[in-house]
Amino acid sequence: MTLTLTVWPKWRIWTQDADRFFNEDRFDQICAASGIKKTVLNSASLLPIAKQIYGKKPPEKAIWTWFVAPGARNTKRHSGIQYCPTCLKTDVRPYFRLPWRFAWHTGCQVHGHALLDRCHICNAPVEYHRLQAEDVLITVCATCKSDLRAATVRSCLPDALKFQLMADDVLRNGVGPFQGSTMSITPWFELSNYFVSLIRVAQRGENEPLSEFLRLTGVQLPVSIPMQPGNHLEILQTHDRERLLAALFPMMSASKIQFDEALQKSNITKQGLAGHGLVSPAWIRTTSASLPSALREKSTRSTARLNGPRPRYQVKRMMARLQRKLDMAQR
Ligand SMILES: [Zn+2]
Ligand SMILES: [Zn+2]
């Protein structure tokens, strides 16, 4: 914080997501101070990747889809910075990798370990901007001063790592594989994101045909992932995201034949595939057009809901929101 205040006396960079660097004009000061070229610094920010995924400039204020959100409140974080202890251990000068901010990254490609996003001793999120010069190393926990490199490691779920490599390839190649053909970057990530949302809807356990459809495409529904509005991959902790992405991988790699069979056998409706209050990508809208409609059934159900008690998933969501607020208040 001392360093950044010297570079930008009037900008409190750590009250925002410092890696996003939305305003490229701000590079000027740090380029002058460090002698690093603007293009080099630009490639160390999340903005170029976000532009690729969005297909345009991402929103200035909102959470960026597919990027882990630090949930910044003043200079405190809710979570957000992931790391591989073994990578940090083998670094001559430890540093936090840019891909550790990608929400599709839950493992380390080099070591095969699951990434961590909290201190193994005190469970605080990584907040290196709160370190003092006396702490010397960036791998020290800002809250309890333990060394993050000493954390025990475990293997990442294989399917989560496979999805991660697949998504990395999509960005590298400019196209993503889907059902034997290809899609450009933006629709590929939109579709993956949509499928995660469907998995989240099915987790509520209220839509039998949807659960059956997912099962037939190879998805094993993960249990006990905190309920949030939407899929909110970006604010989930790494281990929860890892299980969701492991569940997603079979869907993204299923063949067209398997997919069409699953649609047919599960009796999923148009609304079951393209409803749930979600914005459906073009591919979903086209595919769902040929499915039977369940509109009449849906309208009776929603009136019943207005009069009856709130569904379990809504209560769980409210509880999760409250828990997050309490956690922040205590820190
Ligand atoms: Zn590693
Ligand atoms: Zn700690």
Starting from Val170, can I reach Leu161 by hopping between I/L/V/M/F/W/Y residues whose side chains sit under 4.5 Å apart?
no

Does the Lys NZ or Arg CZ of Arg26 fall within the cation-pi geometry relative to Trp11 - under 6.0 Å from the ring centre and within 45° of the axis?
yes

Please step through side-chain contact (heavy atoms from CB on, under 4.5 Å) for the pair Val201 and Leu210, ending with a clear verdict.
CA-CA 8 Å; Val201 171; Leu210 174 62; 3.7 Å; yes

May I ask you to test the Pro70-Pro125 pair for a side-chain heavy-atom distance under 4.5 Å?
no

For the pair Trp104 and Trp66, name the ring-plane relationship: parallel under 30°, tilted 30 to 60°, perpendicular over 60°.
perpendicular

Do you know which two heavy atoms are closest between Leu214 and Met251, and how far apart they sit?
CD2-CE, 3.5 Å

For the pair Arg130 and Met1, evaluate side-chain contact (heavy atoms from CB on, under 4.5 Å) and give the outcome as yes or no after the intermediate values.
CA-CA 7 Å; Arg130 287 179 52 225; Met1 281 198 277; 4.1 Å; yes

Carefully, step by step, assess Phe21 and Trp64 under the rule ring-ring contact (aromatic ring centres under 6.0 Å, His included).
CA-CA 12 Å; Phe21 251 107; Trp64 286 357; over 10 Å; no

Over 12 non-hydrogen atoms of neighbours within 6.0 angstrom of NZ in Lys56
no

Taking Asp135 for the side chain and Gln132 for the main chain, is one N or O donor matched with an acceptor at less than 3.5 Å?
yes

Whether Arg215 engages the ring of Phe213 as a cation-pi pair (distance to the six-membered ring centre under 6.0 angstrom, angle to the ring normal within 45°) should be assessed.
no

Group every Ile, Leu, Val, Met, Phe, Trp and Tyr by side-chain heavy-atom contacts under 4.5 Å, then state whether Ile81 and Leu137 land in the same group.
yes

Phe195 and Leu244: side-chain contact (heavy atoms from CB on, under 4.5 Å), yes or no, with the steps?
CA-CA 10 Å; Phe195 285 153; Leu244 272 175; over 6 Å; no

Hey, are Arg149 and Asp91 close enough for a salt bridge, meaning a charged N less than 4.0 Å from a carboxylate O?
no

Does Gln271 form a side-chain hydrogen bond (donor to acceptor under 3.5 Å, both in side chains) with Ser293? I'd like the steps, not just the answer.
CA-CA 7 Å; Gln271 291 74 19; Ser293 176; 3.1 Å; yes

Please verify the inter-ring angle class for Phe178 with Trp283; under 30° counts as parallel, over 60° as perpendicular, anything in between as tilted.
perpendicular

Any link between Met252 and Leu157 through a network of hydrophobic side chains (Ile, Leu, Val, Met, Phe, Trp, Tyr) touching at under 4.5 Å?
no

Which of parallel (below 30°), tilted (30 to 60°) and perpendicular (above 60°) describes His111 and His113?
parallel

Check the pair Thr106 / Leu115 against side-chain contact (heavy atoms from CB on, under 4.5 Å), numbers first and verdict last.
CA-CA 5 Å; Thr106 56; Leu115 296 181; 5.6 Å; no

Show your working on ring-ring contact (aromatic ring centres under 6.0 Å, His included) between Trp100 and Tyr83 and close with a plain yes or no.
CA-CA 6 Å; Trp100 290 346; Tyr83 65 98; 7.0 Å; no

